[in-house]
Engineer: 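Quick one: this structure, given as structure tokens, is what I'll be asking you about.
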Amino acid sequence: MLLNAVAVATPSGTTIEIASIRDIPLYDGDLDPASAALAPVRDLKERIASADGLLLATPEYNHSIPGVLKNVIDWVSRPATDIGRIFGGKPAAIVGATTGGGGTILAQAAWLPVLRALGTLPFFGKRVIVSNAAKVFSADGRLEDAVVRTQVEAFSVGFAEFVARHRLEADRS
């Protein structure tokens, strides 16, 4: 729901493409990279590689990164020789929502070493850390909380500008 709210708030001229991770299998380095089971991994990997930026929407489970989302990063960062092509210098940001009262500050902090290891360019502008998500979103997934909406809008504008600046600098190089 939060990712959809960010996409709605994204400024004109910027597109957020939301990708599902449902079909990504549990990481198994013994699988043949050409296996049909890995088609969703290859597809997601190329979508990330072709994107101007990467936005992770994370819940927080047990005060850290959700294993399912980390599994996806583990897959798309293989083989290690592809990390630079997929993630290197790519603007990256994290938003998060949880039904608990603490928000996702610990999960977002836990993602930073992962993003650093991948060589991304983290966005440290406006943050979106949503707690008590059941009270923030309607039953049909619409963002109803005005304070969170303001945070989402500020984040969306800031991250879009960050990505655009990075793209201009890369085009000049």
Side-chain angles (χ1 to χ4, degrees), residues 1-7 9-10 16-31 33 37-38 40-137 141 143 145 148 151-152 154-156 158-159 162-163 166:
M1 291 183 275
L2 179 57
L3 192 52
N4 288 328
V6 171
T10 297
I16 292 188
E17 182 181 334
I18 298 174
S20 174
I21 62 172
R22 276 200 179 103
D23 296 328
I24 306 293
L26 184 62
Y27 182 77
D28 180 350
D30 292 333
L31 282 178
L38 297 183
V41 172
R42 290 188 299 272
D43 177 59
L44 181 59
K45 189 173 185 173
E46 293 313 311
R47 289 170 72 182
I48 293 170
S50 67
D52 291 331
L54 175 65
L55 174 60
L56 295 177
T58 187
E60 182 170 302
Y61 298 154
N62 299 314
H63 305 288
S64 192
I65 296 171
V68 166
L69 192 50
K70 178 64 168 64
N71 177 68
V72 172
I73 298 300
D74 291 342
W75 266 121
V76 297
S77 64
R78 300 300 190 270
T81 54
D82 277 357
I83 291 174
R85 180 179 74 82
I86 306 301
F87 298 103
K90 187 175 299 290
I94 310 163
V95 296
T98 185
T99 56
T104 58
I105 196 161
L106 295 175
Q108 290 190 35
W111 274 111
L112 292 177
V114 175
L115 294 176
R116 186 177 307 112
L118 296 173
T120 66
L121 183 61
F123 173 64
F124 293 112
K126 304 292 182 182
R127 294 173 66 174
V128 179
I129 299 171
V130 179
S131 56
N132 301 310
K135 296 176 182 176
V136 172
F137 295 94
L143 179 56
D145 185 280
V148 174
Q151 291 172 352
V152 166
F155 168 85
S156 297
F159 186 53
F162 181 71
V163 171
H166 180 267

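In this text the structure is predicted, and so the values were computed from the model without any measurement. Residues: numbered from 1 along the sequence shown.
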Engineer: Could you walk me through whether Leu115 and Ile94 pass side-chain contact (heavy atoms from CB on, under 4.5 Å), step by step?
Structural biologist: CA-CA 10 Å; Leu115 294 176; Ile94 310 163; 3.6 Å; yes
Engineer: Over all heavy atoms of both residues, which pair between Pro66 and Thr58 is shortest? Give the atoms and the distance, please.
Structural biologist: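 In this case the closest contact between Pro66 and Thr58 is CD-OG1, 3.2 Å.
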Engineer: Do Leu2 and Val152 touch side chain to side chain, with heavy atoms closer than 4.5 Å?
Structural biologist: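 They are in contact (side-chain heavy atoms under 4.5 Å apart), so the answer is yes.
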Engineer: Report the residues that fulfil salt bridge (Lys or Arg N to Asp or Glu O under 4.0 Å) with Arg47, sequence neighbours left out, ordered by chain and then residue number.
Structural biologist: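 Residues passing salt bridge (Lys or Arg N to Asp or Glu O under 4.0 Å) with Arg47: Glu17, Asp43.
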Engineer: Kindly state each residue pair satisfying side chain to side chain donor-acceptor pair (under 3.5 Å) with at least one member in residues 122-135, sequence neighbours excluded.
Structural biologist: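 Every candidate side chain to side chain donor-acceptor pair (under 3.5 Å) pair involving residues 122-135 fails, so no pair, neighbours aside, qualifies.
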Engineer: May I have all residue pairs that pass ring-ring contact (aromatic ring centres under 6.0 Å, His included) and include part of residues 56-100, sequence neighbours excluded?
Structural biologist: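 Of all non-adjacent pairs touching residues 56-100, those that pass ring-ring contact (aromatic ring centres under 6.0 Å, His included) are Tyr27-Trp75.
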Engineer: If you measure from OG on Ser64 to CD on Gln108, what distance do you get to the nearest 0.5 Å?
Structural biologist: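 One finds 12.0 Å between OG of Ser64 and CD of Gln108.
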Engineer: Can you list the residues that meet the side chain to side chain donor-acceptor pair (under 3.5 Å) rule with Lys70, with sequence neighbours excluded?
Structural biologist: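 Here the qualifying residues are Asp74.
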Engineer: Not counting sequence neighbours, list each pair that qualifies as a ring-ring contact (aromatic ring centres under 6.0 Å, His included) and has a residue in residues 108-133.
Structural biologist: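 The answer is Phe123-Phe155, Phe123-Phe159, Phe123-Phe162.
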Engineer: side-chain contact (heavy atoms from CB on, under 4.5 Å) between Lys90 and Ile48: does it pass, once the steps are laid out?
Structural biologist: CA-CA 9 Å; Lys90 187 175 299 290; Ile48 293 170; 4.2 Å; yes
Engineer: Provide the closest heavy-atom pair for Val128 versus Thr104 in the form atom of the first, atom of the second, distance.
Structural biologist: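 Answer, listing the atom of Val128 first, then Thr104: O-OG1, 4.5 Å.
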Engineer: Of the non-hydrogen atoms in Thr120 and Pro122, which two are nearest, and what is the gap between them?
Structural biologist: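 Looking at all heavy atoms of both residues, the shortest contact is O-CD, 3.2 Å.
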Engineer: Which heavy atom of His166 sits nearest a heavy atom of Leu121, and at what distance?
Structural biologist: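 Closest heavy-atom pair between His166 and Leu121: CD2-CD2, 3.3 Å.
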Engineer: Identify the two heavy atoms, one from Val114 and one from Ala110, that lie closest to each other, and give their separation to 0.1 Å.
Structural biologist: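 Answer, listing the atom of Val114 first, then Ala110: CG2-O, 4.0 Å.
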Engineer: Heavy atoms, side chains only, cut-off 4.5 Å: are Val41 and Pro25 in contact?
Structural biologist: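 Sidechains of Pro25 and Val41: in contact.
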Engineer: For atom CG of Asn62, decide whether the heavy atoms of other residues, nucleotides or ligands shown that lie under 6.0 angstrom number more than 12.
Structural biologist: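 Atom CG in Asn62 is not crowded, with 12 or fewer foreign heavy atoms closer than 6.0 Å.
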Engineer: Heavy-atom count check: over 12 atoms from other residues, nucleotides or ligands less than 6.0 Å from Ile105 CD1?
Structural biologist: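 Atom CD1 in Ile105 is not crowded, with 12 or fewer foreign heavy atoms closer than 6.0 Å.
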Engineer: Sequence neighbours left out, what pairs pass salt bridge (Lys or Arg N to Asp or Glu O under 4.0 Å) with at least one residue falling in residues 52-69?
Structural biologist: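 Every pair satisfying salt bridge (Lys or Arg N to Asp or Glu O under 4.0 Å) with a residue in residues 52-69: Asp52-Arg167.
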